[in-house]
Every structure is written in C-alpha cells, then in structure tokens.
Amino acid sequence: MARIYLNLPCSTSNGKNAYSIWKWLFMGLVLLILLFVVVPFPSISKSLYSSHVNEISAELHYGIVIDCGSSGSRVYVYFWPSHSGNPKDLLRIQQLHDEKGEAVVKKVSPGISSFENNPDAASDHIKELLLFAAQYIPEEKHAETCLHVMATAGMRMLPESAQKAILEDLKRDVKKDFKFIAPDNHFEVITGKQEGVYAWVAINYVLDRFSHSALPLGHDTVSIVHNEKSKTVTHTRKRTVGIIDMGGGSVQIAFEVTDQDQIKNIPSPLISEINLGCQDSDLEHSYKIYVTTFLGYGANSARERYENMLIQETKSKSQRITEDGTIRDVCLPPGMSLSGKDALGHQHQFLGTGDFSACETALEPLMNLTEPCLKSPCSINGIHQPRIDMSSQFYGFSEFWYSTEDVFKMGGLYDYWTFQKKAKDFCSTPWNKLQGWYKDGNYPKADEHRFRFQCFKSAWMAQIFHRGFSFPTSFKHLVSAQLVNGKDVGWTLGALIYKTRFLPLRDIEHTNTQMATSWQRASRALDTQFLMAACVIVVLAAIFLYMKHLKWCPRTEDLKRVPSMTYFMTEQDQMEQGVKNEIAKGQSYTI
Ligand SMILES: Nc1nc2c(ncn2[C@@H]2O[C@H](COP(=O)(O)OP(=O)(O)OP(=O)(O)O)[C@@H](O)[C@H]2O)c(=O)[nH]1
C-alpha cells in the first residue's frame, strides 16, 4: 500500500512546528469565538447607544411663554432635549438663543391690561410677539410646541369681566393665526403666589438645587423629614435659595421652610407644597414653600399710591405745598418737576427736593406695618412671615435688578450701606446735572422712566426689603440678578418647568418601550451568533479529535524523550523511505 507523504511539519526535524500549528489553530478558535460571541455585545450596545444619541439630538422640544406684565408683555422661547429616562431627573429646559448668542426675547409695551376698554385689539399686541418667536422654531415643530400666555399684576387689578374679555380675544385669534398647542387653559391670569413659586423654581433650577446627587450633610444641605402614613422618611438634599420678585404692580417673596414647627405655624394660604417630580409619590422633589404676594406693592404701583398719599397729605398739611400749589417730593432729585393725576383725574405738580433718608421714612406708611399681626412674626399688611434664617441665600429679581444695576451699576451681591450711599448721592444731585450726565450716555441701561424714578424706586426697594420683609441692614446674602450662569431666571422658566413636569413620564414610557424592542432585537441577534459560534466550536473540536486519532503529531514529551524518529518507523515505512532515497538518486519505481 502506498502512502502519500504529506509535507506536514511534524517530522523528527520540525517538532516545534507541530506546536505552532496547534497554536495557530487555538488562536483561530479564539478569534472565531471573539468574532461570533464577544464582538456582537459591543456592537449591540453601540447600536443602542447611537440610536439613543440620535434620538436626543433629533428630539428637541420647544415651548413659548408670554409674560403679560403690568408694564409690558414679553415672549420667551425655550427648548429641551428628550428626557434622560431617569425618573429622578427633571427636563433640561433652556432658553433659546439666536445665532449671535442673544436670548430670543421680545417685549412690547404697554401692558395688556391697558386694553381694558378695547379688548379686541389685545391679540394684535400678542401677535407681534408670536410672529417673532415662530421664526426661531422649526416649522415642523410648531404643531407640537406648547404656548402659555400668562398675565400678572396689571390684569389682576382689572375687574374679572375685563380680564375675561381680553383673554377671550387672545384665545380666539391666537388659535386662528398659529399652529402652536394653545388650549383655553393655556391663557390665564396667574395668581401672585403662582408667580412667586415659579420664580423660586426658576432660580433653584438654574442653580442646580434640585439635583439629588449623594451629598454629605453640611452647610449647603438640609435634611427633610416626611411623615408618610406610618413611616418617617428622611431625605438629605441641597438647600434651596429664596426669592423676592418686585415687578411694576406686585411683589412676591418665596422661600422653602423645612422646620416642622415653623411649617405648622404658617396659615395654609401662605404655604405652597410643590412637587416637581413626575409622579405624585416622588417625595424627593417635594418642597414646602412659604410664598406671599402684595398687589399694589410693585414699584410703579407704589409710586401711584405714594403720589396719592402726598396729595391727601397736602390737603391736611400745607407745609408740603409751595406757593404755586406744587407738592414737594423728597423722593425726586432736587429741581425735578413732575406732573401726575389723582384718582379723580385732577392734575398735580410735584417738585423734587431729593433726600433719600427722608424718602425712606416717607414710604413707611405705604407698607401698613401697623396692621394687627394675628400670627407673629408678620411682614407687610399684618401677613405672617416665618422667621428667616440669616444664613440663607436670597435672590432679588426685576426691580431689585434694575434698581441696583441700571443707574447705580451695582447689581449682584447687595450691601445696604454701599447701596444707601449711592442712592443718597443720586437723590441729592440736582436734576439738571443728572440730566446732563444722562444725555452724555453715562447710563446706557436706563430708559428715561427708570432714570426719573430711580431715587423713588431705590428707596422703595430698600424699604420693602428691610422694613417690609424685615431683613436686617447687615444681611449679606441677597443677590440681585437677571441672568444667573448666563441664563435668564425669570418666573416664566419656572412656569414652564412646572407645567412640563409630567412630560418625563411620557418620555420614560417611550424610552422603556424603545429599550424593550431594542433588547428583543439584540437578543434575537445574539441567538444567531451563539448558534454560529457553537457550530464553529463543534467543527474545530471534530478536526482536533480526528487529528489526534490519526496521531500525525506526537506529543512534546515524547519528542524530547526519543532521540530519533527512525525508531518509530515501521517496516513498511523503512521500505518506503528506501524507495524515496532511490528516487532521489534517479531510479524509477512504480508504486
Ligand atoms: N431697564 C429695564 N427696565 C425694565 C425692563 N423691563 C421692565 N423694566 C422696568 O422694571 C419694572 C418692572 O417691570 P417687570 O419686571 O417687567 O414687571 P411687570 O411684569 O411689568 O410687573 P408685574 O405685572 O407686577 O409682574 C417696570 O417699571 C419696567 O419699566 C428692562 O428690560 N430693562
């Protein structure tokens, strides 16, 4: 029987090669396993990840809020990516900026409440704002963009019938002209309490006080105890900041109260329990806020009340009147003349005498601090206000910002004594001198209205803060602000966060469904991969066994033990070897 000589490297002379072939076979096997079993995992997870990322960038959502204030209406545009899928996360809502990096905001004046006698024209006023906002939102997103129109103090001061007429006109015309989601309940006159809570939500959101990363108990954290039926739950979370928001018509104060005794003492209309979680059972996002609002205590309304008070006073105290019947006003710079009307429409002339400290004193009666306090301590109008922790931080918005920044250029951390010095200097400077500085462009941020009333407004702001809300003049934790971390922190942002708080639920459900289908697809792919890998392993094992069976390759130990392969040659092998040798010598044989 002839045997074919295979040129396999397993003869006496190349025993090492016998191992390299096994090495190659082994590596091949490993590679195959890697190819069919391991590689599919990252590829699957990568495909899941990339689909999620694509989804996030594609799924930007938009929201529009119009703040119809007493002095004007402003439109804000916000956007946010789809929710992270973690029920503990809030939506990441941000204000939209244009290509130059400017916030997309537009204001029109006067306030919508000025349409009291002409409500049918109210929507034209709003249309201008919506046309502006619409150009920044992709056309295909208009039909899924929520629009909220919220009116504040100016509208609150109108009779209900007038409010209704204005809102009806908005509802009718806005729906006709725009595709935005705007059901009837998106047009509302919000309460001062809502305005306060929304402002509180906005600043704490921007300062990241709502995140629940693991926190050590310390200065910036607080432990909250919830009594839930039979069990007590304690959460440690970041301390929140308080707010004071003074508009033209009203002023709001809101801060979180964590002390159980204080909470029990607060009359229920003054406490707001707010849950920003997407489920009602979410205690970690639940906050108890003391919030109160004072209508008529915004800076413009306060000015009107002050003028009326002066007019009334002059009727009894003639010393405030000059010879020509002009009323002396300590809250206007010396020499400034101003005309105003009383409630009956009678014209009056005011003449500034400029004295900041006297102005502060003159404003006190407007705060009704002598009202009986039924539950002490009290602030304005005999309204209860819990004692404020002097280490807590407060942010002042709108008038707090404009009054400290526009003219005095000292927005930011507030210090009464520095502010008082600036205000005293300003109030006592003759009006013609101030006007000259104004014309020279020294106050680019202040419009004429602001400049004229800066003396009055700065005194009103300080009095409301220190006398009305009882913050000591040594209080060092008030920051006046408009932008925080480069973000606008108006109450409109808080309103949108609050109104969209249930949206994550929808996104979470959507993500869960998507994840489920992705994993089904992945597991199907995995089944196929496993099957193929198993086949390869079986085939390789079969080759291995077959080769072992044929004993083509001796084991290493044997090779080392045996000096020459010759000893293993059978008789036939030796004969064949002889034939080979003969062939090599040139003789011919038939096998
Ligand atoms: N410098 C400056 N002053 C402003 C601006 N917007 C409003 N003001 C003035 O600040 C005061 C308060 O205005 P807002 O904060 O808009 O208050 P509002 O919404 O009209 O008032 P409420 O209805 O009480 O909330 C008003 O006297 C305005 O004249 C602004 O962008 N710049």
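Remember, it's a predicted structure, so these values are computed and weren't measured experimentally. Counting starts at 1 for both ligands and their atoms, following the listed order.
The aromatic rings of F451 and Y443 are tilted relative to each other, their planes meeting at an angle between 30° and 60°. Classification of the Y306-F456 ring pair by plane angle, with boundaries at 30° and 60°, yields tilted. Using a 30° and 60° split on the angle between ring planes, Y498 and Y198 fall in the tilted class, from 30° to 60°. Aromatic ring orientation, H348 versus H346: perpendicular (interplanar angle above 60°, classes split at 30° and 60°). Ring planes of F180 and F178: parallel class, angle under 30° (limits at 30 and 60°).
The closest protein non-hydrogen atom to atom 25 (O) of ligand 1 is E195 OE2, 3.1 Å. The protein non-hydrogen atom at the shortest distance from atom 10 (O) of ligand 1 is Y402 CD1, 3.1 Å. What sits closest to atom 15 (O) of ligand 1 on the protein, heavy atoms only, is S398 OG, 3.0 Å. E399 OE2, 3.0 Å is the protein heavy atom nearest to atom 11 (C) of ligand 1. Looking from atom 12 (C) of ligand 1 to the surrounding protein, the closest heavy atom is G248 N, 3.5 Å. Here the protein heavy atom with the shortest distance to atom 14 (P) of ligand 1 is S71 OG, 4.0 Å. Looking only at heavy atoms of the protein, atom 6 (N) of ligand 1 is closest to R74 NH2, 2.7 Å. Ranking the protein heavy atoms by distance from atom 7 (C) of ligand 1 puts K107 NZ, 3.2 Å first.
Between K106 and E128 a salt bridge is recorded (basic side-chain N to carboxylate O distance below 4.0 Å). Using a 4.0 Å cut-off between a side-chain N of Lys or Arg and a carboxylate O of Asp or Glu, K238 and D208 qualify as a salt bridge. Using a 4.0 Å cut-off between a side-chain N of Lys or Arg and a carboxylate O of Asp or Glu, R450 and D406 qualify as a salt bridge.
Set against the non-hydrogen atoms of S70, the atoms of ligand 1 under 4.0 Å away are 18 (P), 19 (O), 20 (O), 21 (O), 22 (P), 23 (O), 24 (O). Annotation for ligand 1: atoms under 4.0 Å from non-hydrogen atoms of R450 are 9 (C), 10 (O). For ligand 1, the atoms sitting less than 4.0 Å from at least one non-hydrogen atom of G249 are 21 (O), 22 (P), 24 (O), numbered in the order shown with element in parentheses.
Of the candidates D447, T152, I190, T293, it is T152 that places a heavy atom closest to atom 23 (O) of ligand 1.
Using modelled atom types, one finds a donor on one side chain and an acceptor on the other under 3.5 Å when comparing N381 with Y297.
Separation of the F465 and Y414 ring centroids falls under the 6.0 Å cut-off.
Within the 4.0 Å heavy-atom shell around ligand 1 one does not find M155. Under a 4.0 angstrom heavy-atom cut-off, N300 registers as being in contact with ligand 1. At least one heavy atom of S250 lies less than 4.0 angstrom from ligand 1.
Only the backbone of K445 comes within 4.0 Å of ligand 1, counting heavy atoms alone; no side-chain atom from C-beta on gets that close. Looking at K457 against ligand 1, only its side chain comes within 4.0 Å, counting heavy atoms.
Polar contact with ligand 1: absent for M246 (N/O pair, distance under 3.5 Å). On a distance-only criterion, A153 and ligand 1 share at least one N/O pair closer than 3.5 Å. Checked against a 3.5 angstrom limit, the closest N/O atoms of H449 and ligand 1 fall outside it.
Separation of atoms CG (N442) and CH2 (W437) is listed at 8.5 Å; rounding is to 0.5 Å. Note: E195 CD to T492 OG1 = 10.0 Å, rounded to the nearest 0.5 Å.
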